[in-house]
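Here is the structure we will look at.
Since we're looking at a predicted model, the values are computed, not measured. Just so it is clear, the values below take in all heavy atoms, side chains as well, and ignore hydrogens, waters and symmetry mates. We count residues from 1, following the sequence as given.
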Amino acid sequence: MSFNERILNDLLTKCSCKYKDSTKRDIIGALSYFKDLLPKSERYAYPTGIVKELVCLSGTIPVNFRNAVYNIPVQIFLSDTHPYEAPIAYVRPTPEMSINVSDAVDSSGRIRLPCLTEWNHQNSDLYMLLNLMTIKFSEQTPLFSKPARNPAMASASTGTINRPYAASSTPPYPTDTRSSFPVTPPYPTASVMSYPAPYPATNTNPYYPMPTAHAYNPMKSASNPSMSQATARVSYPDDTIKPEHYRMSLISAVQDKIRKKFKDMCDEKLAEIDSLKRVNYDLESSQVNLNTLIKEAENECLNIQSLTDELRKKTNELNESLKQMKHRDNTSEEDAVVTPTPLYRQMLQLYAEEMAIQDLLFFLSEGFTHKTIDTDNFLQQIRYLSRKQFYLRATLNKAREQAALPL
């Protein structure tokens, strides 16, 4: 999707963005990779009650969750001081979806990532934010499809039995496994806890089991002293939780937390590296264009230098000719123009006479306009000069034809 820059400029002007060039460059860079997002203007209400018209990137981003690609609807609001202020991102579920509350998405759908809290206009941009969102959502989906009610339960009241429907292809969103209805979705389900439990699952009883072997019997202890000694040594079943189990469980929980934190840091740094690589590619492309422009400017300078030298040479020749003309005496205007042949001299004289008649006709008309010449004299002179001008032009055309010159 190629978005018209003129429309984007109008949108930034409408929302009173202070840094239009930086914001436009950031939006175009993000839309070139995430083509399902569309910029528009939308009113946003801040928690303080202030309502502003902000630029909003609305649409879907592709997320690969459990070997299936889902389109997650999101909205990213850009403040009027972008990119110096962090954007505000939300996931926007449809009526068929529900929000999966996690450390990255709250109950209102607002996205909370470290790159937003640590936003820096020099190292952060929209492309990096969207890339981190896809990475985070691929680990834990922000949305669930609301589970449909079991048809068997719906028909229980009517006394009819419905056959289970056939499984369809992969739906657009995962299903929440926290539902109380035993529905088996036809596509991968997402659990709320994406990490193993911090304690071993060998014992399902939350309490310590009571000893079952060699239990104390007061009736037998009095008659059998050896039995009373055996009761002092109580044995427990093998599935009893021991202190070593607690220690191993704590170590596993700490390791999982460290791994999760380390993975988040790695994903963020990889997104920053990807963004820096893209900036580096743009800078290298600009460097090539700049080098080409520098070479063209150098060639133009050399051409101008050669033309300047030639102009200086012609100027010196002209100055020498002027000096020679000053030293000549009794030089008339006719001798200043030298023609190669008599025919060219005749053409020059005819042209000069025609121009003189043209000037004379002009001044006669000016005199007649100012009433310094009477009408009879004016018409007589005009008739005479026009006839003479006609003969001069006819003779000049014949001479040009004789000299093989264009008419």
Side-chain angles (χ1 to χ4, degrees), residues 1 3-61 63 71-137 140-144 264 267-268 271-272 275 279:
M1 178 192 64
F3 196 77
N4 195 332
E5 291 190 13
R6 183 178 61 82
I7 299 177
L8 185 57
N9 289 330
D10 296 340
L11 181 62
L12 296 176
T13 303
K14 178 182 177 182
C15 297
S16 303
C17 293
K18 297 180 181 179
Y19 309 100
K20 295 181 182 178
D21 295 337
S22 301
T23 305
K24 182 176 73 173
R25 185 165 54 251
D26 197 6
I27 292 175
I28 292 175
L31 296 184
S32 62
Y33 290 91
F34 295 89
K35 302 183 182 298
D36 293 331
L37 295 176
L38 181 68
K40 62 179 182 178
S41 62
E42 189 166 331
R43 296 173 66 85
Y44 180 78
Y46 287 91
T48 57
I50 300 175
V51 179
K52 286 186 178 182
E53 192 84 13
L54 301 182
V55 177
C56 175
L57 299 183
S58 181
T60 60
I61 59 175
V63 174
N71 293 321
I72 304 298
V74 297
Q75 278 187 332
I76 301 176
F77 294 91
L78 308 181
S79 64
D80 54 358
T81 58
H82 186 82
Y84 294 92
E85 185 177 349
I88 304 170
Y90 286 88
V91 291
R92 294 302 189 191
T94 62
E96 295 79 13
M97 307 177 200
S98 61
I99 297 176
N100 179 24
V101 179
S102 62
D103 57 345
V105 180
D106 59 14
S107 59
S108 65
R110 183 164 180 175
I111 301 171
R112 301 185 182 278
L113 294 176
C115 63
L116 290 173
T117 57
E118 301 173 1
W119 181 270
N120 185 358
H121 70 279
Q122 296 179 350
N123 302 324
S124 304
D125 55 15
L126 292 176
Y127 170 77
M128 183 190 72
L129 171 61
L130 292 169
N131 200 8
L132 286 174
M133 287 167 59
T134 57
I135 295 173
K136 186 65 177 178
F137 294 163
Q140 189 173 14
T141 177
L143 299 174
F144 282 129
D264 292 341
D267 292 339
E268 184 176 356
E272 291 181 1
S275 177
V279 173

message: Using the rule side-chain contact (heavy atoms from CB on, under 4.5 Å), only one of Val74, Ile72, Asp36 pairs with Thr60; which is it?
response: Asp36
message: Suppose we screen for ring-ring contact (aromatic ring centres under 6.0 Å, His included). Which residues come up paired with Tyr90, at least two apart in sequence or across chains?
response: none
field: Residues forming a ring-ring contact (aromatic ring centres under 6.0 Å, His included) with Tyr84, sequence neighbours excluded
entry: Tyr19, His121
- prompt: Tell me, which pairs form a salt bridge (Lys or Arg N to Asp or Glu O under 4.0 Å) where one or both residues lie in residues 78-98, sequence neighbours left out?
  reply: Lys52-Asp80
- line: Applied to residues 107-124, the salt bridge (Lys or Arg N to Asp or Glu O under 4.0 Å) test, sequence neighbours excluded, yields Asp106-Arg112
task: Given side-chain contact (heavy atoms from CB on, under 4.5 Å), test Leu57 with Phe34 step by step and report yes or no.
output: CA-CA 10 Å; Leu57 299 183; Phe34 295 89; over 6 Å; no
What pair of heavy atoms forms the shortest contact from [X] to [Y], and how long is it?
X: Ile99; Y: Ser107; result: CD1-O, 3.5 Å
X: Lys20; Y: Leu12; result: O-CD1, 3.6 Å
X: Leu126; Y: Trp119; result: N-CH2, 4.2 Å
X: Pro39; Y: Leu31; result: CD-CD1, 3.7 Å
X: Leu78; Y: Pro87; result: CD2-CB, 3.7 Å

From [X] [atom1] over to [Y] [atom2], what is the distance, rounded to the nearest 0.5 angstrom?
X: Glu268; Y: Cys115; atom1: CD; atom2: SG; result: 6.0 Å
X: Leu8; Y: Thr13; atom1: CG; atom2: OG1; result: 9.5 Å
X: Ser41; Y: Leu54; atom1: OG; atom2: CG; result: 9.5 Å
X: Ser32; Y: Ile27; atom1: OG; atom2: CD1; result: 12.0 Å
X: Leu11; Y: Glu53; atom1: CG; atom2: CD; result: 9.0 Å

message: With side-chain hydrogen bond (donor to acceptor under 3.5 Å, both in side chains) as the test, pick out the partner of Ser275 among Asn123, Asp125, Asn131.
response: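 Exactly one option meets the side-chain hydrogen bond (donor to acceptor under 3.5 Å, both in side chains) with Ser275, and it is Asp125.
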From CA spacing to verdict: side-chain contact (heavy atoms from CB on, under 4.5 Å), Phe137, Ile61: CA-CA 10 Å; Phe137 294 163; Ile61 59 175; 4.3 Å; yes
task: Mind checking salt bridge (Lys or Arg N to Asp or Glu O under 4.0 Å) for Asp103 and listing every partner two or more places apart, or none if nothing turns up?
output: Lys136, Lys260
message: So, using salt bridge (Lys or Arg N to Asp or Glu O under 4.0 Å) as the criterion, who are the partners of Asp26 when residues are at least two apart?
response: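 If we apply the salt bridge (Lys or Arg N to Asp or Glu O under 4.0 Å) test to Asp26, skipping adjacent residues, there are no hits.
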message: Counting C-beta onward and ignoring hydrogens, is there a side-chain heavy-atom pair between Ile111 and Leu129 closer than 4.5 Å?
response: no
query: Does the side-chain contact (heavy atoms from CB on, under 4.5 Å) test come out yes or no for Lys40 and Ser58, once each step is laid out?
result: CA-CA 7 Å; Lys40 62 179 182 178; Ser58 181; 3.7 Å; yes
